[in-house]
Every structure is written in structure tokens, then in C-alpha cells.
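Please read the structure below before turning to the comments.
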Number of protein chains: 2
Amino acid sequence: MGFQPLMDDRKRRILEAVTDDYINTAEPVGSRTIARRYNLGVSPATIRNEMADLEDSGYLEQPHTSAGRIPSQKGYRFYVDFIMKLKPVSDEERKRIRRTLEQKRREIDLTVEETARMLAHLSRYAAFVLSPISRAGVFRRIELLPVDGQTVLVILIMDPGFVRTHLVTTEHALTRQQLAHIARFLSSRLADLPLSRIASSLLRDIKAELEDYTNFIDATVEAIARSLEMRREEQVYSDGQVNLLEQPEFQDISKARSVLELFAEDEALYSLLSGVVGDPGVTVTIGREAGHPGMSLCSMVCAPYEVRGVPMGALGVVGPTRMHYSRVVTLVEFVAENLGDVLTRILVT
Amino acid sequence: MGFQPLMDDRKRRILEAVTDDYINTAEPVGSRTIARRYNLGVSPATIRNEMADLEDSGYLEQPHTSAGRIPSQKGYRFYVDFIMKLKPVSDEERKRIRRTLEQKRREIDLTVEETARMLAHLSRYAAFVLSPISRAGVFRRIELLPVDGQTVLVILIMDPGFVRTHLVTTEHALTRQQLAHIARFLSSRLADLPLSRIASSLLRDIKAELEDYTNFIDATVEAIARSLEMRREEQVYSDGQVNLLEQPEFQDISKARSVLELFAEDEALYSLLSGVVGDPGVTVTIGREAGHPGMSLCSMVCAPYEVRGVPMGALGVVGPTRMHYSRVVTLVEFVAENLGDVLTRILVT
DNA sequence: CGTTAGCACTCGCACGACCAGAGTGCTAAA
DNA sequence: TTTAGCACTCTGGTCGTGCGAGTGCTAACG
């Protein structure tokens, strides 16, 4: 930001008009339409000239000769970065968002799930929320609860109030004492470690050490160690994929499929998100910028949410590149803020 | 079953041919095609006459005059009940299924999730698995683990090795002793009760009693009681919805949407499934039989899976009415059996 | 020199005509 | 009862046409 590239004011206003109009109508927009609908005080002919220039510099493109123009990826980028006027979230929506987040039970997973649903509903696009796991957080302790004979509930407790549980079957029955023993040992080795540091190499070491130390059968220890691996923990909740089917750009089923497949594959979605999750503030990723084939027709508006300044996760909206950026950016920002607040209240005792 | 409605053999074979052909080609099938591809030893003209009869009795229908015929809902029903020859699951698939189920970690949820994925992959349709909760099972005990200040992990342990956990925030900090107290009380009241009996009325009673007994602030108790409600527990895992988009019947996006919406709405999906989940054996529900608008173009093949004869959940496949029933029925049956076996080994100590 | 009016030109698309192909129902003969 | 033959129907694809929207260019204008 800050840097304003050279573009004279009239061009800027025309690019704005084209983009706004195309976002609303999904139809290529011509000089006549602009002259009629937006009063720039100039004739269609002038607008035509300017549009030709804008096309030359890559901000607009023509689906085919003598149709109107539509914004190119570069055009959207410029629009998002320098032109668009953010549309504040309406009071009514603010209220609804706050209410939904408040009223939700005190369970984090449900809150997150509901957030995704709400975001999809309000944006009318697809939404996702990365469940909170603070890479900056720390491990606190582990508890092992015998459930019956050979089943043990592994409970991982992390920094600000996160809990993950895994049910594992062990090969040999372990006594409550033995389990407490292991739990204490693991807790002592892992406590206060930032989650980001708990790499598989460390786990291997610990596992080896644990075997020496306790003489337990490896399968048992293995099961516990495995449940320490965090990969799976950063779960993605998504909702509203079907909303995308309403968009004219996805009427063609093969286009719809490529983006729906993206959401169906946890892996793909996760790899996609991991690119932007670290960045502070609202990030807008347009079309091929995401570097993912299924996203070439889509844009993504994404923001991290924080608890006491520490980023805990991220959420966002996926829609066609022809997205209501000005509305969605503020929406995503507002929801992220509020989810952060709610989680702060849940987590920070 | 058992009852064989009146239909002479030739009609039956023609209905079979039409259905088989339509299932394979997705094109209305005419008398000529049948005469050519299936040697029934009669001419197209004869077949035409028979087909006209079959249409009169409602087994076939014509999309429009002088296109071929396609099976009606009634036709599919007859085909499924009396005509089709089940196609055994190939050895290779058997192996793959067994391997996938074995190799999966010992966590129930992951196993179930993976089962849905596998079933979708093998059937090339959409698949779902209802996570195991035995209505016939019994409650065993509850544990309350303090996580920090005001956060408590509620751990519900059920009959054969199921565990559900909920993280709840309480209004007032409770000591470990107090929690143990509550847990013991709740366990004593609920232990050995069949899950199907734990109705909300009972929970209300217990809650009242607990308040008297412990003098705890209601919000706390409320939170715990709420996590006892089982509704949410019967979770549905589904996968492969995008597979449906490959089917020619869903090329029209509005048709695709109605069924995708079904899967997106947990509620709808659940209400749909609850209808058939109780039935033993493989159930085939065709089109409007499901009584759900979004399903009118779809069929569902569903089977319960059992642990030691007790039904624990169900799984199934959803595809177009023009589904490869003969393949899917055996597949669903086989997977249900094997999932049951695997769970038996996991659960029964 | 920037702006604008006018105009010829280009496409895409919707519409209608047309034909080929597939399939039917009916009738009459085997 | 089955079958061959035939007239008829309907869909889907192809082709041509005209219309409308929009452009680029040129020349005139302030």
C-alpha cells in the first residue's frame, strides 16, 4: 500500500466503473453502459479510448472482439488495492454476527463450525475457517485416561485452553499407574514447548527414550506418539460450497467441479490456505495468484484471527474472481475480529 | 421378498435388458437396441409390443414420444427386488477394502471417515457413514477433567469402548474434588442405562437433583448436562459428492444443486437416513421413495453395520436412480460387514 | 490537443429451417 | 402369436440469417 501507481484519475474511475458493473451484472460492460450508468461527464467515445488504453496496459480484457470489457486479474488486483471503497458491514449484520457468536455454546469446535456457516450465509459464497491452533502457542500437558482393558484416551492440553483427544487401542493392558507414569514423563518433556517446535524428530527421540525408560511395548508407545503428531489438528471447516453453484461463472459443470473438488480434498484446501494464513490483515488472493488450478476462476479473501495478539487461525471466503470484494473484505475482517474476541473470552481464563 | 408378482418371463427379461442398458448408457433404449445387444430370440417388433405393455403397467416410461424407454421408479423397484443378478465384489476390491480398513489407525472416527472415502471411491457415487453409536448400547461412566481455571473436559464413556469428549467452560472454577464428586454422581445415575433411554426428561431430573445435591451454579451443571445430550453424536461422514457431478443426469446444474444441498445440510441428510437406518440388511431406496425432494433423482443403498449382532450405525451410497445396483448392493453389504468386524476388534476387548 | 460524433465493421447469439436418425404404433401377412 | 413393413413423430445437430451490442477509426470541433 501507500505506493500509488501512475494512473490518471479518469482511467481509474473507468476501471472502477467497469469492475463495479461487471461484479454486479456478470456481463461484459461496454462504453455506452458506463456513460449511461456512471456519470463521468464524458462521452462513450472517450471512454472507449480510455478502455482501449486500459486493455493495452493489461487491466481489462475482452472475452471476444466487440463484446464489452471485463477486468483482468491485474485489473481486479488494482481495483482491490487502490480503487475500491470498502463497504462497511451494516449494523444489522454486525448484530447478527455478534449474536451468533455469543449465543453459541462454549465449545470451540462448534463455534468454529458455526462461524463457517454464518460466513457462507452472509457472503453468499463459500467460506472456511481454520480451527484454532496456535503455532505460537505452547504445549501444556498430556493426560492418559484408561477407558477399558486396552483402550486409552490420550488427552493433549495446549496453551490457551485447547484440548485434543484421541482414542487409541494398545496391545497390552496398562495400569492406571503406568499410564500416569507415561503421561508425567511426556508432559515433562513437552511442557512449554511451542507447538511449532514439536517436530517429528523430537517425537522420535522421545519415543526412543520412553521405550528405554518404561520398557513398554512399542506398539503402545507408538500409538500415543502418533496421536501427538499435529498435522491433523489444523482442521478446516468449510460451508456454503453450493452457494458457488448459483454464480453464473459456474453454470458450466466442469468449471464448478474443479472448485468443488478443491473443497472436497482436505489436503488441497489446506495447502491452499497455508500460503496466506501467516499474513496479518485481510489478504485478497485473486485467480491464479493462488497458484492452484482449481482456483483460477476464484478469489479468496482471508484474514487471521487472534487471541491477545497471537494468531490462532484464519478464516475466509472463496468466490468467483468477480466477487463483491468491497463487501466481503469488511465482512471477513469483522468476523475474524469477533471470532478472536469470542475465543479470547473462552480461552483466556 | 419371496412373493413373485406375475410377470411372464419374456417381459421380465426385457425389463432387465432395458434397465441394464439404460444403467450403462444413460440413453433411452429402444427395441432395436435390445434385439441387437441381448439375444432374446425375438424381433424388435415383438419387443416393441412387450415394451408397450410394460409401459402400460408402469414399469417403463418414455421421456418423449419416439425416444426409447427408460425404467420408471416402479421399474427400478421391480428390477432391484426380483430381477437383478447381484454382482459379487471382485477379489481385488475385497482385498483393497480389507486392507484399507485394517491399516487404518485404531481411532474410530478416522476409520469411519476413511470408510466413507473408500466407499465413495469404489462406488464412484457419493457415500456416507453414520458414525457408530449403539442405541442398544449402554452408558458406562463419565469423567470430568479440569483443564484449567474454568475449563472442564467432559468425557463420556459408553458401552463398547466409545468415548465422546466435550470441552465446556464453566462460570465458576471447580476443584478437582468437586468435579470428581459430580462425575461419580452422574456416573452412578447413568451407568448401565441403554443410550436409547437417556431422554431429555431424565436429564432434566438429574440436573435438578444435581443442583440440590451439590449446590453448584446452574450454568456449570447445565453445561455438563448439555454435553450429555446425544443428538449431535450420531455424526454423518460423507464423501464423494463431486462424483455425482460426473453423472449425465446432473449436468444440469439446478439438478445437481438439489442433491448437493442435501449433503451440505447435516439435518436434511440425517433426517433422510434415520428412515432406513433401523432396517436390517441392505435397503434400496429409489427416487421419491425417500420422501425427500432433493432425492427424487437419486437412489440410496444403505446397510447397517453391527458389532456382535448389535446395530451400531449404517453406511450407504447415494447415486442417480440409474445406479449400478447390482454392483453397489454387494459393495455396501461387504463394506458394512467388514466395518462391523473391524469395529468389533477395536471395541470388544 | 483532447474530446466527440459518426460510421463501418466484427462478433456472438438467438431464431428458424432443415435434415438425419432413432424409435414408435399400426397393419397386414406368415 | 410373431414379424415385416411402413408411415409418422420427435429430438438433436447443422446451417444461414439478422439483430444488437460494441468496437476502432477518422474527421470535425472547441
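Here is the naming used below: chain letters follow the sequence lines, and residue numbers restart at 1 for every chain.
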_Other residues, nucleotides and ligands only: do more than 12 of their heavy atoms fall within 6.0 Å of NZ on Lys255(A)?_
no

Of the listed nucleotides [options], the one nearest the side chain of [X]:
X	options	answer
Ala45(B)	dG24(D), dA4(D), dG25(C)	dA4(D)
His64(B)	dT3(D), dC10(D), dG24(D)	dC10(D)
Ala52(A)	dT24(C), dG24(D), dT4(C)	dG24(D)
Asn49(B)	dT3(D), dT10(C), dT9(D)	dT3(D)
Thr46(B)	dT2(D), dA4(D), dT4(C)	dT2(D)

Value in whole Å for how far the [atom2] atom of [N] lies from [atom1] of [X]:
X	N	atom1	atom2	value
Arg36(A)	dG22(D)	CZ	C1'	12 Å
Met51(A)	dC25(D)	CE	C1'	16 Å
Arg10(B)	dT2(D)	CZ	C1'	8 Å
Asp53(B)	dG25(C)	CG	P	10 Å
Ile47(B)	dG23(C)	CD1	P	12 Å

*Counting any heavy atom closer than 4.0 Å, what does Ala67(B) reach on the DNA or RNA strands: base, sugar-phosphate only, or nothing?*
sugar-phosphate

So, under a plain 3.5 Å distance rule, would you say the side chain of [X] forms a donor-acceptor pair with the base of [N]?
X	N	answer
Arg69(A)	dG24(D)	no
Ser43(A)	dT4(C)	no
Arg32(A)	dG22(D)	no

*asked:* Between Glu246(B) and Arg124(B), is there a side-chain heavy-atom distance shorter than 4.5 Å?
replied: yes

_We want to know whether Asp20(A) and Tyr79(A) form a side-chain donor-acceptor pair, criterion being a heavy-atom distance below 3.5 angstrom._
yes

_Ignoring hydrogens and geometry beyond distance, is a side-chain donor-acceptor pair present between Ser299(B) and Tyr325(B) at under 3.5 Å?_
yes

